[in-house]
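Let me begin by presenting the structure, written as structure tokens, before commenting on it.
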Amino acid sequence: MTIGEKMPGYEPSSFEPKWQEFWETHKTFKTEDISEKPKYYILDMFPYPSGTGLHVGHPEGYTASDIFSRYKRMKGFNVLHPIGWDAFGLPAEQFAVKSGTHPAATTQRNIETFKRQIKSLGFSYDWDREVNTTDPKYFKWTQWIFLQLYNRGLAYVAEAPVNWCPELGTVLANEEVIDGRSEVGGFAVVRKPMRQWMLRITAYADRLLEDLEDLDWPEKIKAMQRNWIGKSLGAEVDFLVDPQSGVHAKLRVFTTRPDTLWGATFMVLSPEHSLVEALTTQEQKAAVAAYQEATASKSDLERTDLSKDKSGVFLGSYAINPVTDEKIPIWIADYVLASYGTGAIMSVPGHDQRDWEFAKKFGLEIREVISGGDVLQEAFAGEGVLVNSARFDGLPTDLAKTRVTEWLEAEGLGKGAINYKLRDWLFSRQRYWGEPFPIVWDAEGNPLALPEEMLPIELPQVSVYKPSGTGESPLASVPEWVNTTHPESGAPVTRETNTMPQWAGSCWYYLRYIDPNNDQVAWDPAKEKYWMPVDFYIGGAEHAVLHLLYARFWHKVLFDCGVVSTKEPFQKLFNQGMILGFAYKDKGGNYIHADKVTKSEDKAIHKETGETLEILIEKMSKSRGNVVNPDDVVSQYGADSLRLYEMFMGPLAATKPWDSDGVSGVYRFLARSWRLVVPQGDGEVVVSDKIRNDATIDDETLRLLHKTIKKVTLDIEGLAFNTAISQLMVCLNHLSKLEVVPAQAARTFVLLLSPFAPHLGEELWHLLGGADTLAYTPWPEYDEALCVDDMVTVAVQIMGKTRTTFDVPRDADQEFVLAAAKELPAVQKHLEGKTIRKAIYVPGRIVNFVVGG
RNA sequence: GCCGGGAUGGCGGAACGGUAGACGCAGGAGACUUAAAAUCUCCCACCUCAUGGGUGUGCGGGUUCGAAUCCCGCUCUCGGCACCA
């Protein structure tokens, strides 16, 4: 689109940078630490400053939170709206490995790009509160929080099978492994035992679950967290190993179905179970060893592949079912996981599909103990009534679970138990670019916490960033850093060479924003009390379990330490939807970059070959060639148009495709808003003489204005920005047609527009005689009485079919309206020869005649 | 398989149980212009023997004077989880 030649048209580039500079130099959005005003803390999810810069998906959430922030300021709130950088992480380190550039330099450059881009969109952040997780002044306190965890026994070292990624040379958390491959890079992941720092998040499982109740979060996210924590109620039951086998041991199992105990016809241990060796008979030794080896070399992907057949090996020995006293065979199989429950199960093939498949394959007995299905055809896992279960026969499932558990406890055979899917959090990484642990090791191999006064523990300079491949971080190859003395005893010690995962810095950044420059404490308690909790947290759903669960965990620990005043950090959470982009594929199935495509009508044509391409709507990514850069949109249409389009596309929560043509629509709206105030002329920017201070507002305009204030206000509160914008369009369409525009009406319109298009808002406000900035001008109020019309259009239906409409006074009574409706010619026609059986009038809405005969 | 969302014109999307399709994009017609761009005005679900009538919110039922909206049963689709005993 070319901007009209006549000056002074709507030219965002002529004033957008000016206002950005104004806000910056006047510190317009500087937040008072503590104020008499009510507080409102609105937070964007912590961005990772990647090398590729922003794409149009990023500003969606930022724009929404900015609109809300600006609105809240105008409503009289003291608003905390900060931004910063989650800047540790793998990409900068991988770049360092390849190029030798220090990750700090890469990080710095990326942050500058992000800042430039973000600032060009006019977001109202308090830049004095910017934080950066890689800054020693910041990670000093990340390390301090780790010490609090350590001192409370929540951080420990364990030799644990971990997700080892040879390609990345590091271990990964369960959450960073997707389908047996690394989330970053998609490399294969194998299991390998290693010494690792773990955080005891499982100790908080119940609180993390229960406290979800009071949070104003999307149900979907709560469900995902509940699912991740995976609380199961059941029982632990002890199975005695058959004394004839010569082994005196008990096998403990966890089951959620104690009511099916009479149907347990065999047992299965995980291949890693500690009693496997002892329970393996001589004849089975070779087969068992081979199976264990095969399992160990399998990747998690192979091991969890559902479509594969059940596999397993008989150990040769037997256990005694404690309720039937029968001998049942003990097997190992990889469908039983070492890391869940006790690593052993009682197999009830009649009532568990996995056990059923296993029994079928190996010819094991399937016994029905719950009636209601046909266990010869498939396992019956539903609820039913107990059979073949001695004195418990006839009990329904739920009652039987309780009764059997009570009986097991009384008999000393078992007890009620709870299990969680949630595992402790694997907290160390074999990387350079992360926070060092404030831990040293003594000569005996005991970890010692360094005193708080020594923080921060900074990263040393290294010459090589590549992981050694042995599982040690690049820090291990810096002896002058590793070898040190203990500050108190003076004894020689070695530093922990692992670093913390990227999640560490983002677990508490929202607390640092409250008091970002404090070098005495992590944050001032009085300020924390004033600002917490975060009132509104906006970000993508990709953080549903990882970041949000970890941050909640840390927050609860800090709460127990008495350093935060709320038990939850984020009161309200909202996930904006993903923005997709049009992608194009040729006949060969290759993606064609959007630059090489012309769209005409509904077809996409390859500019060079003329081939008609397939049009797809997919997630934006470099490889698909469908990334839209906000810089391009800003230079073509201006920041306000980008912001407005992001919000106008559809509901904030919805996934929606970016259509660059759509930007021109909102651009045209902003240009018409400009022309409402500044006429198309040939000279300098002057306010239109149609705008008059002395003009009185006609009734129709006044009512439309109040309706608009109401709709925009309620829509902002409900995050329905798309419909707020459409109402502003309706309002402007009307104002544009007026011969004389009362200045008061124009000013109100500008105020309502300003959170969405703040640059244009400020510029027009200024032209209309407003003082320096409108950022703190009170938000317009509406009069409910002026939000309705005196005359309303009522639809007239015969048998629920609309036949015509007519206007009546809003407060006309039913009798009058029904009588008037009957007289309408269009109604008469349909009533002819018929009897009105029932007449309904919904005031101001509809008349419906039910007829018969 | 389990848990969540969705499905409305050519497209993005609006609609307290009450006139389905607001607002915008694309498209069409016109005005202005030497012309184009920009701007402005109007049209724009489908069918039809058009001042009217009929059909329409993924499919099939139901509740109701009245259903895109509520209930029951499906289909398709997008996210997430997935051998968790």
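Fair warning: this is a prediction, and the values are worked out from it, not measured in the lab. Quick note on labels: first sequence line is chain A, next is B, and so on, each numbered from 1.
- Under 3.5 Å, the side chain of D661(A) and the base of C25(B) form no donor-acceptor pair of N or O atoms.
- Taken residue by residue, residues 713-724 of chain A places heavy atoms nearer than 4.0 Å to RNA chain B at N722(A), T723(A).
- Applying the side-chain hydrogen bond (donor to acceptor under 3.5 Å, both in side chains) definition to pairs two or more places apart or across chains, those involving residues 257-266 of chain A are R257(A)-D259(A).
- One P atom belongs to G28(B), the other to U33(B), and the distance between them is 23 Å to the nearest Å.
- Listed nucleotides A85(B), U39(B), U19(B) differ in distance to T256(A); the shortest reach to its side chain belongs to A85(B).
- Residue N733(A) places none of its side-chain N or O atoms closer than 4.0 Å to OP1 or OP2 of A22(B).
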* Structure fact -> Symbol by symbol from the 5' end, with Watson-Crick or G-U pairs under 3.5 Å, [ ] crossing and | another strand, RNA chain B is (((((((..(((.....[....))).(((((.......))))).((((...))))..(((((..]....))))))))))))....

Which atom pairs, donor and acceptor, lie under 3.5 Å between side-chain atoms of residues 840-848 of chain A and protein residues at least two apart or in another chain?
unit_1: Y841(A); atom_1: OH; unit_2: G844(A); atom_2: N; d: 2.9
unit_1: N848(A); atom_1: OD1; unit_2: M799(A); atom_2: N; d: 3.4
unit_1: N848(A); atom_1: OD1; unit_2: G800(A); atom_2: N; d: 3.0

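- At the phosphate of A38(B), neither OP1 nor OP2 sits under 4.0 Å from any side-chain N or O atom of R672(A).
- The side-chain contact (heavy atoms from CB on, under 4.5 Å) check on L233(A) picks up K231(A), I418(A), with sequence neighbours excluded.
- In this structure, the nucleotide among C81(B), C65(B), A20(B) sitting nearest to the side chain of K838(A) is C65(B).
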Nucleotide N/O of nucleotides 70-76 of chain B paired with protein N/O under 3.5 Å:
none

